[in-house]
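We're numbering straight along the sequence, starting at 1. The shown structure was predicted, so the numbers you read here are calculated from the model rather than taken from an experiment. Hydrogens, waters and symmetry mates are skipped; everything else that's a heavy atom, side chains included, is used.
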Amino acid sequence: MEKMMAVSDFFYEIKNAILSFNGISDILDILFVALIIYGALILIRDTKAIQIAKGFVLICIVYAIVSLLKMQASSYIFSLFFPNLFLILIVIFTPEIRHALESVGRSSFVNIVKGNDKTKKYEPVSRMINSVCRSCAEMSDKKIGALIVFERGSLLGQIIETGTRIDAEPSVEMIENIFFPKAPLHDGAMIIKDRRICAAGCILPLTANTNINSALGTRHRAAIGMSEQSDALVVVVSEETGTISVAEKGNLKRNLSDGDLRELLTKTFIPADNDEKRIFKSFIKGRHK
């Protein structure tokens with residue numbers, strides 16, 4: 001009898017929820033909550049916080065089982081934990097919360113409010129490109145080996161975890177110090193994420209392609225392998241010859257000058273005005289078809 005009443009109450013609550021549905025406002029409410037959850041998952045999925053989140057979900061499942069079975073001792077322990085849950089989450093996820101606020105501050109919505117000033121918008125990217133090109137030119141002259149990975153659409157969380165986290169703005173001095181011979185991190189790859197040096201000394205996967213030039217060393221094979229397994233753009237400076245190369249989509253462009261490198265990076269990370277206009281025009285045409 002009690003089970004029948006429970007089922008009846010369940011369907012009654014569903015009926016009330018459907019009847020109380022308030023059209024557009026409820027749809028917007030659901031979409032907003034879904035957007036927040038999705039954004040939170042995107043922010044933490046390539047960090048250690050995702051493991052903490054999984055643990056938290058497991059605790060919630062255990063708490064539901066404890067409550068369902070009316071286990072008094074366990075319920076008492078959970079009653080001590082859950083009232084302070086909000087503060088615990090803030091302490092644990094402080095870095096992720098700060099990163100989320102920074103991401104919102106850098107969002108396109110804020111840029112629209114400020115105005116679409118391309119020079120200011122891409123100034124940090126230009127500084128990053130300038131630092132990378134200048135350091136590569138100097139390392140090329142000195143025949144210092146280097147391996148620099150630019151994260152794009154594909155998240156490189158697993159690769160980042162193989163190295164040492166840094167979180168610093170790219171500068172000529174910083175990049176050259178990392179790759180200086182006999183420096184602790186000089187043998188691995190540097191990862192640049194969101195215009196900042198995220199990590200160094202990272203281990204990249206080697207290419208399985210047996211048809212590449214046998215003269216290419218481990219750095220070049222790692223660069224090609226990384227570009228095969230992701231959409232990352234990888235810059236290589238040869239320790240033997242000092243030549244600058246760029247790996248992208250499994251292809252290696254060799255013997256680039258620092259000017260060629262600057263042009264390639266600028267084209268990749270700073271869209272030209274005519275590209276933006278072309279995208280806008282194609283959008284307008286698509287609407288009128």
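- Counting only heavy atoms from C-beta outward, the side chains of Phe150 and Val132 approach each other to under 4.5 Å.
- The main-chain N or O of Asp231 is found under 3.5 Å from a side-chain atom of Arg152 such that the two form a donor-acceptor pair.
- Partner Ile148 forms a side-chain contact (heavy atoms from CB on, under 4.5 Å) with one of Ile175, Val236, Ile197 and no other, that one being Ile175.
- Side-chain N or O atoms of Thr162 include one that pairs as donor or acceptor with a backbone N or O of Ile159 at under 3.5 Å.
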message: With salt bridge (charged side-chain N to carboxylate O under 4.0 Å, His left out) as the criterion, how do Lys267 and Glu263 come out once you've worked through the C-alpha distance, each side chain's angles and the decisive distance to 0.1 Å?
response: CA-CA 6 Å; Lys267 184 178 179 181; Glu263 182 179 351; over 6 Å; no
message: I'd like to know whether Lys142 forms a salt bridge (charged side-chain N to carboxylate O under 4.0 Å, His left out) with Glu176, so could you lay out the CA-CA distance, the side-chain angles of the two residues, the decisive distance to 0.1 Å, and finally the verdict.
response: CA-CA 11 Å; Lys142 300 172 184 176; Glu176 290 190 24; 3.7 Å; yes
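- For the side-chain contact (heavy atoms from CB on, under 4.5 Å) criterion with Arg221, the lone passing option out of Ile212, Leu252, Asn213 is Ile212.
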message: Assess the residue pair Cys136 and Val235 against the criterion (side chain to side chain contact (heavy atoms under 4.5 Å, CB included)); give the C-alpha distance rounded to whole Å, side-chain angles, the decisive distance to 0.1 Å, and a yes or no.
response: CA-CA 9 Å; Cys136 285; Val235 178; 3.9 Å; yes
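- A 4.5 Å side-chain heavy-atom check between Cys198 and Arg165 finds at least one atom pair inside the cut-off.
- Side-chain contact, Ser227 with Glu248: no donor N or O sits under 3.5 Å from an acceptor N or O.
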message: Before you tell me yes or no, could you show the steps for Val234 and Val246 under side chain to side chain contact (heavy atoms under 4.5 Å, CB included), namely the whole-Å CA-CA distance, both residues' side-chain angles and the distance that decides it to 0.1 Å?
response: CA-CA 6 Å; Val234 189; Val246 172; over 6 Å; no
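- In terms of heavy-atom proximity, Ala232 sits nearest to Val149 at CB-CG1, 3.8 Å.
- The heavy-atom pair separating Ala183 from Ile178 by the smallest distance is CB-O, 3.8 Å.
- Between the Ser230 side chain and the Ser154 main chain, no donor and acceptor come within less than 3.5 Å of each other.
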query: What's the verdict on side chain to side chain contact (heavy atoms under 4.5 Å, CB included) for Val125 and Leu265, showing C-alpha distance, side-chain angles and the deciding distance?
result: CA-CA 10 Å; Val125 183; Leu265 293 178; over 6 Å; no
Steps toward salt bridge (charged side-chain N to carboxylate O under 4.0 Å, His left out) verdict (Arg196, Asp167): CA-CA 6 Å; Arg196 295 179 66 82; Asp167 189 22; 2.9 Å; yes
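- Each of Glu228, Met226, Gln229 was compared with Thr207 under the side-chain contact (heavy atoms from CB on, under 4.5 Å) criterion, and only Glu228 meets it.
- Follow the hydrophobic side-chain contacts under 4.5 Å out from Leu216 and you never reach Ile244; the two are in separate clusters.
- Side-chain contact check for Asn130 and Arg262: at least one donor-acceptor pair (N or O, by modelled atom type) lies under 3.5 Å.
- At distances below 3.5 Å, not a single donor-acceptor pair connects side-chain atoms of Glu239 with backbone N or O atoms of Ile144.
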